[in-house]
Number of protein chains: 2
Amino acid sequence: MFILFASTKQMTTANRKLKEKEELKALILDSAKKLFLIKGVEQTTIRSIAQHIDYSVGTVYVYFKDKNAILNELHIQGFAQLSIQFEVLRHVANPMERLIAMGRLYIEFAMANPEMYELMFTLKAPMEALNEADDEEWKQGINAFTFLKATVLECISTGHFKGHQPDALTFMIWSLVHGMCSLHISNRITGVRLDNAAGMVPAGFEEFILILKKL
Amino acid sequence: MFILFASTKQMTTANRKLKEKEELKALILDSAKKLFLIKGVEQTTIRSIAQHIDYSVGTVYVYFKDKNAILNELHIQGFAQLSIQFEVLRHVANPMERLIAMGRLYIEFAMANPEMYELMFTLKAPMEALNEADDEEWKQGINAFTFLKATVLECISTGHFKGHQPDALTFMIWSLVHGMCSLHISNRITGVRLDNAAGMVPAGFEEFILILKKL
DNA sequence: AAATAAAATGAACATTGTTCATTAAATGAA
DNA sequence: TTCATTTAATGAACAATGTTCATTTTATTT
């Protein structure tokens, strides 16, 4: 795809337009994010997004193929956010400590941003969207998992987790933390009459830490 | 609510009508279950259910308040099914073995009935329906959790899990198994490029067993 | 200023869950 | 059997939603 400019002036207006398009796209995304953090994904309609930014319904569809495309971008934003929170882990030299700190941060993120967490790790739509665009893969997820796995491998190389398979063990650790967050978000903890539902997740993680430290 | 019968004949016809109502209700449920095991919960419409059993849309609403009421009944059926699969555990005397066997059965159930599993442990609708009917609680979930906890307690009383809190530990174990199933069902395992996605869940559980046996 | 291109619009459509006045069927009394 | 009454079933109609697209508006270029 080629765009030819006859003059500098044309180029700058084209650049401005590009910028404006980016801005409106970002505006739609911000609005969508804000709304579904309050109302939830299902309750956030294209109409409500449009209304919120004083544009028509059709305009939203000029900038996004469909609702899933919006969810997809927010899904990516969520991983960017988590990745930023993970930054501090770079300063934790001891891999075992880092592993535990990572778990804590993961849980913190999930509890603070349940809707975002669901979008990232539970809802099927984002994964299906990836399958459709066939050269696309779930880079965000792969990155996060790779980071976790690298830490597990470091733990192994410092003498921990003897006799364990790295892949399966990494997956198991992820599952444990995800499972707690998932059960919390889907209201199964209160459902099962465990008091202090919010406190149960850290408590469960503490049990796991006790176990980890022995390995 | 009182129903008075003037004769035996009236009583029997009334009984027959009750039975017929039950049957049609069950027919709707069966159809709904069949459809959403194939199409998924969202894709199963009231119209498709009605069409499938050659009744009108309105009839479905005579027998069920709304779509959530149908999901709710299926939710209960799912727990009944899981509970039946758990029956064999009664014959496992050793609590540690029973705990492990329970995990395997849980995983088996989730992998074999992913849609049902989602309904039971992920979808929010059934929990919200419980909140509305205020004297109702999540009996199925409580039962299953209590069963798990009892086994954990037995393990403790036979010398395992020293220094652990029963509630938190039970929740942690549940979370681990649930997390693996949940990540599998939401396609996050394939997403993260772990080959043999279906095999990764048992593999992860094997890692956990290794750990458990040391405790 | 006119022609062209780009962007925004909102009416219209299809699909959903849901309601409810109407119709049909079954029942019980006379 | 007949007919009034109760019960069950119906499907047209409504509101809400995602989505499309011919039309209008705005911006840009000539």
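Chain identifiers are assigned alphabetically (A, B, ...) following the order of the sequence lines, protein sequences preceding nucleic acid strands; residue numbering begins at 1 within each chain.
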### Query
Has B:Tyr61 got a side-chain N or O lying under 4.0 Å from the OP1 or OP2 atom of C:dT18?
yes
### Set of residues satisfying side-chain contact (heavy atoms from CB on, under 4.5 Å) with respect to B:Lys139, sequence neighbours excluded
B:Glu136, B:Glu137
### Task
Tell me, please, which residues at least two apart from A:Ile76 pass side-chain contact (heavy atoms from CB on, under 4.5 Å).
A:Gln140
### Message
From CG of A:Leu24 over to C1' of C:dA6, roughly how many Å is that when rounded to an integer?
### Response
13 Å
### Query
Counting only Watson-Crick or G-U wobble pairs whose two distances fall under 3.5 Å, which nucleotide matches C:dA30?
D:dT1
### Interatomic distance, B:Asn113 atom CG to B:Glu118 atom CD [nearest 0.5 angstrom]
12.0 Å
### Message
For B:Val57, give me all partners under side-chain contact (heavy atoms from CB on, under 4.5 Å), at least two apart in sequence or on another chain.
### Response
B:Ile46, B:Arg47, B:Tyr61
### Task
Verify the contact: side-chain N or O of B:Tyr63 to OP1 or OP2 of D:dA9, cut-off strictly under 4.0 Å; return yes or no.
yes
### Task
Mind running a 4.0 Å heavy-atom check of residues 64-72 of chain A against DNA chain C and sending the residues that fall below it, in number order?
none
## Note on the structure
Contacts of A:Ser182 meeting side-chain contact (heavy atoms from CB on, under 4.5 Å) (sequence neighbours excluded), chain-then-number -> A:His178, B:His178, B:Ser182
### Query
Can you list, by residue number, the residues of residues 25-57 of chain B that have a non-hydrogen atom closer than 4.0 angstrom to DNA chain D?
B:Arg47, B:Tyr55, B:Ser56
#### Entry: B:Lys124 atom NZ, over 12 foreign heavy atoms within 6.0 Å
yes
### Message
I want to confirm an ordering. Mapping B:Gly58 and A:Thr59 to their closest nucleotides on DNA chain C, which one lands closer to the 5' end?
### Response
A:Thr59
### Note: B:Glu154-B:Arg98 ion pair, threshold 4.0 Å (strictly below)
yes
### Message
Given 3.5 Å as the limit, does a donor-acceptor pair link the side chain of B:Arg188 with the main chain of A:Met120, or not?
### Response
yes
